[in-house]
Amino acid sequence: MDMTDTQASEYFPHNKVDVIPQADGGLILRSPVPLRAFDTAVCDRLWRWSTDRPDTAFLAERGTDGAWQKVTYAQAADQVRGFAAGFMALGLGQDVPFLTLCANSTAHALLGFGAMAIGAPYVPVTPAYAQSAQGVEKLRGIFAQIRPGLIVLDAWAPAAAEALAASGARIMVLSGDAPEGTLRLDDLTAPITPELEARIAAVRPEDVAKIMMTSGSTGTPKGVIHTHGLITSNWEMVIQMWPFMDTDPMVMVDWLPWSHCFGANTNMGTTYHLGGTFHIDKGRPLPGELETTIRNLTEVSPTVYLGVPSALTALAAAMETDTALSDSFFRRLNAIFFAGAGMPTETFDRIAALGREATGRDIPILSGWGATETGPNTTLVTRHLGAPGNIGIPAPGVEVKLTPSGDKMEMRVRSPSLTPGYWREPELTAASFDEDGFYMSGDAGRLENPDRPEDGLLFDGRLSEDFKLDTGSWVSVGPLRNQLLTAAPEIDDLVICEPNRSYLGLLIWAAPDIDRAALSAAIEGHNAANPGRSSAIRRVLIETAPPDPDAGEINAKGTINQRRVMQLRADRLKRLFAETPDSEVLLFPRGAK
């Protein structure tokens, strides 16, 4: 579904792209619109809003009584200055970062701003790492790489005690019992002095604001440097491409973790940048936690909703039977944005239908593409209403180079919101950029319509996820995954298995009462339309244990980590590809061996 020309011009004033052919057969795509001026430092907007809209709520979080507890911009600015003074007294600065192992919370947010206010890098790390042996091993590597001066946890983590002690950092917990000598939030006090104000004023765009850790599914996470200018320019790109975001009031309800830059820089960050109100959602699209999100969205109507396909799939199912939720969700919604994975066509159609039923109009359903290294936003959809796989066009200031890589085109990026590299890893940094300074993303893309580049790019899979069958044929995992989710709406999620086989199998997740006949018919329909070995599915095994986020089977964005699932479920793969499969393995064509 496409927008009309009138709708497109109202929502998207910048929907053009320049195309520059390259000698190697590739292309450079860039916006003809210059990027507007952006803030010098992340905290500049906080000082501005504390004066211009002091009584507007910045953060809202449910208290122990279930009521929303709100912090205004004026209150936030005062608390951030206090935390900044405390951090300065502890010796934090550009070479001495602040690391948090906290869930999203008001305290977490204000501590992060306090560190960035004085130029101390803020390092948000998923708290799940402190709860398991495997996670603690990753923490050891992170601590050795980052060398933080202060580590803050929501509560003491006995599993991580040895790693915390060996880090050399001061340790703080926000609640509960902890060993003697552990700091508390009340200890983070120091006077507001002229030296503090000078330190705040001295922060420059090229100074490190954050270090964002990658998922580390194949080893120790990497520390991606985010400068102040990277973050503030990325905010400006989004608002310039999508001016409908700038509503008064802007309201967001969101659960995505701040240890990932989608949740932090885009969702919480753009809300803050526009002086809006950010409601911290303690739910997730998982059994037993979705109810919290439903309650929050029934009480608070967002002006935009930015999430991942799994969350939207769960919300669509809930809204189809909960009119109050649907009415609240769409009441003042300007647009829906999804990223992190392709959205199944069925989910898209269900969300679109619910929006029309609730509002009488089409709600734009948008997507985009980026990476932790790009801040994250790089390309954003302008004309398509979330056509599956379309990731839009480059934002102002961004150049995307399509470079031939086998039979695909790797997307490479040069941008004001591009990382300067990895924290204390010069060799990795040098290896991640090409000779022209473009970041080599490892993601593939292609123009949907080469004659109309403004129609945008199609995501063409991650080069490192693609694998070969024993015939030498490549399996393009990303596009195939989207095809299967579209063809078989009975599937909630899936992993395509596995390298060096003579045929493809699937591990899938679905509802316990799945209609197996309908599933089989859908797979057969897909196979009829895609008969080649690198796309047809020969075996399917339905998983009974949900993917485990703490084990790394789900990443911080809520999407499946294909490689990790195959590592941890080797026994299931043996069943899937057994010479004589058991009765639980679905075979295609039916009755095949």
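When each of Ile393, Val413, Leu457 is tested with Thr379 by the rule side chain to side chain contact (heavy atoms under 4.5 Å, CB included), just one qualifies, namely Leu457. Of the options Trp258, Trp49, Phe113, a ring-ring contact (aromatic ring centres under 6.0 Å, His included) to Tyr272 is made by Phe113 and by none of the others. No option in Leu325, Asp281, Thr292 other than Leu325 meets the side chain to side chain contact (heavy atoms under 4.5 Å, CB included) test with Leu297.
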Report task. Please test Thr214 against Thr372 for side-chain hydrogen bond (donor to acceptor under 3.5 Å, both in side chains), starting from the C-alpha separation and ending with a verdict. Result -> CA-CA 7 Å; Thr214 60; Thr372 303; over 6 Å; no
**Report entry** Test side-chain contact (heavy atoms from CB on, under 4.5 Å) applied to Glu236 and Asp39, step by step
**Finding:** CA-CA 9 Å; Glu236 200 60 50; Asp39 292 341; 6.0 Å; no
Query - ring pair (Phe, Tyr, Trp, His ring centres under 6.0 Å) between Tyr305 and Phe329, intermediate numbers included - result: CA-CA 9 Å; Tyr305 190 83; Phe329 182 78; 5.3 Å; yes
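Inspection of the Glu61 and Thr106 side chains reveals an N or O donor paired with an N or O acceptor under 3.5 Å. Remark: the Tyr122 side chain and the His108 side chain contain an N/O donor-acceptor pair separated by less than 3.5 Å. Judged purely by distance below 3.5 Å, without hydrogens or angles, the side chains of His279 and Asn296 never pair a donor atom with an acceptor atom. A donor-acceptor contact closer than 3.5 angstrom is absent between the side chains of Asp55 and Thr72. Between Thr270 and Thr266, the side chains place no donor N or O within less than 3.5 Å of an acceptor N or O (distance only, hydrogens not considered). Counting only N and O atoms by type, the side chains of Trp255 and Glu289 include no donor and acceptor under 3.5 Å apart. No hydrogens or angles considered: a donor-acceptor pair under 3.5 Å links the side chains of Asn234 and Ser417. Between Thr298 and Ser328, the side chains place no donor N or O within less than 3.5 Å of an acceptor N or O (distance only, hydrogens not considered).
Here the CD1-CE distance, from Ile239 to Met245, works out to 4.5 Å after rounding to the nearest 0.5 Å. Atom CD of Glu373 is separated from atom SG of Cys261 by 8.5 Å, given to the nearest 0.5 angstrom. Note that CG of Leu447 and CG of Leu27 are 6.0 Å apart. Values are rounded to the nearest 0.5 Å.
For Gln94, the CD atom is densely surrounded, since the number of other residues' heavy atoms within 6.0 Å is greater than 12. At most 12 heavy atoms of other shown residues, nucleotides or ligands fall within 6.0 angstrom of atom NZ in Lys70.
Ring pair Phe262/Phe337 is perpendicular by interplanar angle, where above 60° counts as perpendicular and below 30° as parallel. The aromatic rings of Phe244 and Tyr11 are tilted relative to each other, their planes meeting at an angle between 30° and 60°.
Here the side chain of Arg53 pairs a donor or acceptor atom with the backbone of Gly275 at under 3.5 angstrom. A distance-only check finds no donor-acceptor pair linking the side chain of Thr378 to the backbone of Gly370 [under 3.5 Å]. For Asp154 (side chain) and Ala103 (main-chain N/O), a donor-acceptor pair under 3.5 Å exists by modelled atom type.
Ionic pairing of Glu299 and Arg62 is present here: one or more N-O contacts between side-chain nitrogen and carboxylate oxygen are shorter than 4.0 angstrom. Under a 4.0 Å N-O distance rule, the pair Asp455/Arg452 qualifies as a salt bridge. The existence of a salt bridge linking Asp207 and Arg204 is confirmed by a sub-4.0 Å separation between a basic side-chain nitrogen and an acidic carboxylate oxygen.
In this structure, the ring of Phe98 has its center less than 6.0 angstrom from the ring center of Phe87.
At least one side-chain heavy atom of Val152 sits under 4.5 Å from a side-chain heavy atom of Cys102.
Figure legend: Arg45 and Trp235 shown without cation-pi pairing, the cationic atom not lying both under 6.0 angstrom from the six-membered ring centre and within 45 degrees of its axis.
By the side-chain hydrogen bond (donor to acceptor under 3.5 Å, both in side chains) test, Tyr73 is found to be paired with no residue, residues two or more places apart in sequence or in another chain being considered.
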